[in-house]
Each structure stands twice: as C-alpha cells, then as structure tokens.
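Contents: one structure, followed by commentary.
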Amino acid sequence: MGAIDPSTEAEAGKEEKRSAVVEKEEKKTRDVEQTERKDGDPQGEKEVVVVAMDPTVQTQSDTTRASRLQTQRAVPPIHVVTQHGTGPVAVPVPVPVPVGSTPPQVALSSLNSRNYTNKISLFVFLLHFAAAAVGVCFFVYKSIEGAVDTHTHRAKRDKRLLQYWVPPIESAVLLSIILAFSWQKAVRTKPEFMVTFILWSSFVITMAAGVMLVCFSLPATAGIGAALILFSIGSGLYACWVTRRIAFTGKIFKQSMIPVSKFKGLNGPAYLMVSLGFIWMLLWCLAVIGALDFYYPPLTIIYLVLSLAWTAEVMRNVTNLTVSRVIALYYLRGMQCSTQFSFQRAISLNLGSACLGSLVVPSIEALRILARGLNLLEGEDEFMFSCAHCCLHVMESVFNYGNSWAFVHIAAYGKGFVTASISTWRQFQQQGMEELVDSDITSSVCFLTGVASGALCVILSASWTFATYRHYTATVSLMAFFIGYLMTRIGMALPQACVACYYVYYAENPGSRLFDTTIPDRLERIRTGRETMAPTPRFPRRITRT
C-alpha cells in the first residue's frame, strides 16, 4: 500500500467540516419551519420571505452551496419564496425609459377609411333614381307632346294644366329656394333670436294658411285647411311646452356654428344641393302632368311623390355628411379639411349610408313623436297605458340602431349606418347625456322651419290658383307645401349637422379646449334638479295601481 499524501488528507478533512456546517444549517432551518407549521397562522395567510443575495458578501458555506447549484437554473438576484415551498416567483422589474424619449402613445382612430358603406342601400337608391329619372324625362316629353297637339281632349286638358296649374307650382319652387337660403342665413347670423322666431312664426303662418284654405269654402281645401289649423294648434302648444329650453338651444346653435366661419366654402355643398333640388323639382312638376295620361295615374304619381321625398332627403344628408366631415377633422385633429374632398367622400364612399339613413331616420323620428305623445296622454286608462308602454319599449330598442346622430360617425370614421348609430348613442350613455340629448329641440326647430316655408308656399300658390282656376286649388296647395318643406330642409342641413357634431364630439372628448361650459352646466342643472322642464322620458313610467 502506498503512502497517503498529507495534503490530500487535509483537503478531505476540510471538506468534511464544510459538509458538517452545511448540514447543521439545513437542520436548523428545518427545525424552524417545523416549529412555524406547528404554531400555524390563525388567519390562514401565507408568509412571504424575500431573500436578497448580496454578491459582495460570501461566506464559506455560501461557496459550498453555490458549487452544488451550478448545474441548476439561474436564480435572479431578487426572488420571492413562499413559506410552504411553492417555489420562487420572479418579481417583474420595470424597464427604465431612456432620458429624452417620450412614452408610447395610444393609436388614434383612423379617419381615412376607403370602404363603401351600406352598399345594398346604395344599389337600391341608384336603381330607383335611374327609373325615376327615365320616368321624369318620359313624362315631361308626354306633357309637351300633349300640349302641342290641338285636336284632342287630352290636349285641351294639358294646356289648361300648363296654364293654370304649372305657374303656381313653379312659383312655389322659386319661393322655396329663396326661403331655404334665407332661413339658413338667418340662423347662422342670429341663432338665439331665430329659435324663438321659428317656433312662433310656424304657429302663426300655418294658422294663417289653414284659415285661408277654409275660407275658400271648397270641400277639398276645407279639409286641408282644417288639418293645417290643427297642426298649428299643436305647434303652439309645443312652443309653450319647450319655452325653458329655448335659451339653451340658442346657445347650442351659436357655439356649434363657430367653426363655420373658419371654413369659407362650407356653405357650398348646401347651396349646390338646394340648386340641384330646384332644377329637379321644376322638371318633376312638369312630369306630373304627363303622368296623368300614363297607365294607373294614381300609382304613378304616388311613386313620383315618394321618389321626390327620398331624393330630397338624400340631398339633405349628403350636405349633412359633408359638413360633419369638415367639422370632425376640426374637433378631432384640429385640421382644416377641404370641403370639396369631404363632398366627394359624401357622394361616393358614404352615399349608401345617406340613402339608408334617409329611409330609416324619418320613420324613427315619427315613432318617437308618437311614443312621447302617448306617454303624455296615457293617464290612468289601461289601454293607453299599454300602448304607451309598448311604443316606448319599441322606440328604445330601435333608436339605438338607427338615429340621426349616426351621420357624424359615418362622415368621420366611415362606419355603416347601424354601427355608427350604436357607437354615437353609446358615447352619450357613457357621459350620462341621454336626458340632455332627448330634450334637445334643434331637430324640431329645423322641422318647423320647413313647415313654415311650406305654409308660405301654400299662401302664395293657393291664392293665385283660387283667383285663376279654383278647381286646382287643393292639389296646388298640397304640392306647394310639399315642395316648400323639402327645399327648406335641404338648406337647414348645415346648422343641424353643426349641432350634431357639437354634441357627439363633446361626448367623445369632454376635456377639449374647443368646447365651453354650455353642455356641462346644463348637465349639472339636470342632475341636481335645478332645471325644471317638462320631461321627455325614453323609458315607460311605472305606475302603481291600487
């Protein structure tokens, strides 16, 4: 047997001592853990021990332990160990931001969508308009052909229509375009005064037109006159009901139309649409004469009337979309957008939404008026209560998917009509603005402006026709009112679009410096009960019956 190296024996002794020290420490640790388990935690909570490894201090036992852990995974400098040995849990360390750099910003919604919206509605409208255009051209030709012929009964009737029916109607068209420009200019110049003036002038003018038709003592004109008188009474009661809202509506008109002065060409689309409507209605009036000699004249004329109403409403909403696009870029990005570019988007990418909204919105607005009227008249009658309850629920469900506020998001973000309706109303709900929006009367003011223009056209055309050929007085009165109303609504699209943008973009960014305290003050008055006004609830009232 060879001799044992004394250095080797010394190293082995040192290793045994080190192992003994490590075993002692481990035993001591196990004893402490067993003692803590016996004691237990009365609240059942786990203690978390944070172990910090200091690289500058290293004992002999630490060296031995590190040599044993070299084959294991690396442990971070700071780790958390639970009492019951669930393993180390890494603590995330925040990444420092370099000096001089800016934190990442949230991406803004795109305002440059190139998708066509509501393509089916666009296809249906273009198909209908092509048929209407061909029909109008054909009927104009037939009316001229009938007037040239001098030997038939049809020729005599067409000449009589051209002599006594067309001039009053065309004069109504001419008056309507003048009124459309005048109303818009007046509202943009003195909005606070014009709100009161429109509410009461529509009552007076409609009453005067109704009384005049009743005084003609013709059965047909008496019926139309009675309807106008009843409407004027209702509009007068409405003016009394919303008296407390007039001042706020005037402020909203004034504040919302401030951006109009920054864009000199913003009136251009409205004037263009009114001019196109003027030309189309001139031809349309001549086409009605030719439609009298076509197959099924009543159905043909009804088609022409509905076509004119839809076309005029689309013209109004094209103006609405153009103005909304320009105002949207101003509120959201602080940009001055080209009115021409916005108009091109309105008649191309967003025309389908304008066509769909032109069909849906008037129906929904009529439903809202009916539901609110039933809600006010329900009383204690069981049948009226059931009808009001049902109508209010229908209005609540339908209004979320189709409303006039949708045109703002259609123009800005290129959304479809239904999607835009949902998103705009959701913004109002998030800001608690439902009651404020429901009590808004700007759309009613624009509607009554059209009614006042229609009544003025009736006064002019009906008196002219009654003095020349009274047999046509009733039909001339109806057509004159219809034309005057539609033309003025196209002209009033600009202020109505400005108000809609003001509400929607306030709900989207209440802290913008572009908005004053008009809406916050109003919301505060409504929430605190200081704003005493007749309610216009969107939900049915719960009536306890005993």
Side-chain angles (χ1 to χ4, degrees), residues 183 187 191-215 222-253 362-381 383-385 387-389 391-392 395 399 404 435-459 477 481-482 484-485 488-489 492 496 499 522 525-526 531-541 543:
W183 285 118
V187 170
E192 296 173 322
F193 167 76
M194 287 304 298
V195 172
T196 305
F197 180 78
I198 289 170
L199 288 174
W200 291 108
S201 64
S202 63
F203 162 72
V204 174
I205 296 171
T206 309
M207 178 67 74
V211 171
M212 183 192 71
L213 292 177
V214 170
C215 292
I224 299 173
L228 288 176
I229 291 173
L230 290 176
F231 182 86
S232 67
I233 294 173
S235 64
L237 294 175
Y238 178 78
C240 296
W241 183 45
V242 299
T243 301
R244 295 182 180 275
R245 308 182 196 178
I246 292 176
F248 174 74
T249 305
K251 291 181 181 179
I252 286 293
F253 267 119
S363 303
I364 293 178
E365 292 296 334
L367 178 63
R368 295 183 74 198
I369 294 173
L370 175 63
R372 289 179 174 182
L374 290 175
N375 181 73
L376 293 174
L377 298 175
E378 66 180 31
E380 294 296 328
D381 184 77
F383 176 75
M384 293 296 293
F385 172 77
C387 290
H389 192 85
C391 287
L392 284 172
M395 184 192 71
F399 190 77
S404 59
E435 189 173 355
L436 173 64
V437 172
D438 274 333
S439 63
D440 176 69
I441 63 172
T442 54
S443 59
S444 300
V445 170
C446 295
F447 168 77
L448 291 176
T449 306
V451 171
S453 295
L456 287 173
C457 293
V458 167
I459 293 174
S477 300
F481 182 86
F482 188 59
Y485 171 80
T488 301
R489 289 308 305 271
M492 289 295 292
Q496 190 170 0
V499 172
R522 184 74 168 183
R525 292 177 65 87
I526 292 175
E531 189 61 41
T532 56
M533 60 183 181
T536 53
R538 301 178 65 250
F539 304 95
R541 298 198 304 260
I543 298 179

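Nothing here was measured: the structure is a model prediction, and the numbers come from that model.
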Distance, nearest 0.5 Å, that separates [atom1] of [X] from [atom2] of [Y]:
X: Ile252; Y: Thr442; atom1: CD1; atom2: OG1; result: 8.5 Å
X: Leu448; Y: Met492; atom1: CG; atom2: CE; result: 10.5 Å
X: Phe253; Y: Cys446; atom1: CZ; atom2: SG; result: 4.5 Å
X: Ile205; Y: Ile198; atom1: CD1; atom2: CD1; result: 10.0 Å
X: Leu199; Y: Met194; atom1: CG; atom2: CE; result: 10.0 Å
X: Ile224; Y: Ile229; atom1: CD1; atom2: CD1; result: 12.0 Å

* Could you give all pairs that pass the side-chain hydrogen bond (donor to acceptor under 3.5 Å, both in side chains) test and reach residues 443-452, with sequence neighbours left out? ->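 For residues 443-452: Tyr238-Ser444.
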Contact list for residues 203-214, test side-chain hydrogen bond (donor to acceptor under 3.5 Å, both in side chains), sequence neighbours left out =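 Found none.
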What are the two closest heavy atoms between [X] and [Y], and how far apart are they?
X: Arg522; Y: Arg245; value: NH2-CG, 3.9 Å
X: Gly225; Y: Leu213; value: CA-CB, 3.8 Å
X: Ile233; Y: Met207; value: CG1-CE, 4.0 Å
X: Ser453; Y: Gly484; value: CB-O, 3.7 Å
X: Ser477; Y: Val458; value: O-CG2, 3.4 Å
X: Ala222; Y: Val214; value: O-CG2, 4.0 Å

Does any part of the side chain of Ile441, heavy atoms only, come nearer than 4.5 Å to the side chain of Trp241, both counted from C-beta?
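They are not in contact (no side-chain heavy atoms under 4.5 Å apart), so the answer is no.
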ring-ring contact (aromatic ring centres under 6.0 Å, His included) with Tyr485: which residues, sequence neighbours excluded?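 Result, ring-ring contact (aromatic ring centres under 6.0 Å, His included) vs Tyr485: Phe447.
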query = Under the salt bridge (charged side-chain N to carboxylate O under 4.0 Å, His left out) test, which residues partner Glu192, sequence neighbours left out?
reply =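 By the salt bridge (charged side-chain N to carboxylate O under 4.0 Å, His left out) rule, Glu192 matches no residue at all.
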Next on the checklist: Under the rule for side chain to side chain donor-acceptor pair (under 3.5 Å), what residues qualify as partners of Thr249, not counting sequence neighbours?
Outcome noted: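 With sequence neighbours excluded, Thr249 shows a side chain to side chain donor-acceptor pair (under 3.5 Å) to no residue whatsoever.
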Test of understanding: with side chain to side chain contact (heavy atoms under 4.5 Å, CB included), list the residues that count as partners of Thr196, not counting sequence neighbours.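 Applying side chain to side chain contact (heavy atoms under 4.5 Å, CB included) to Thr196 gives Trp200, Ile246.
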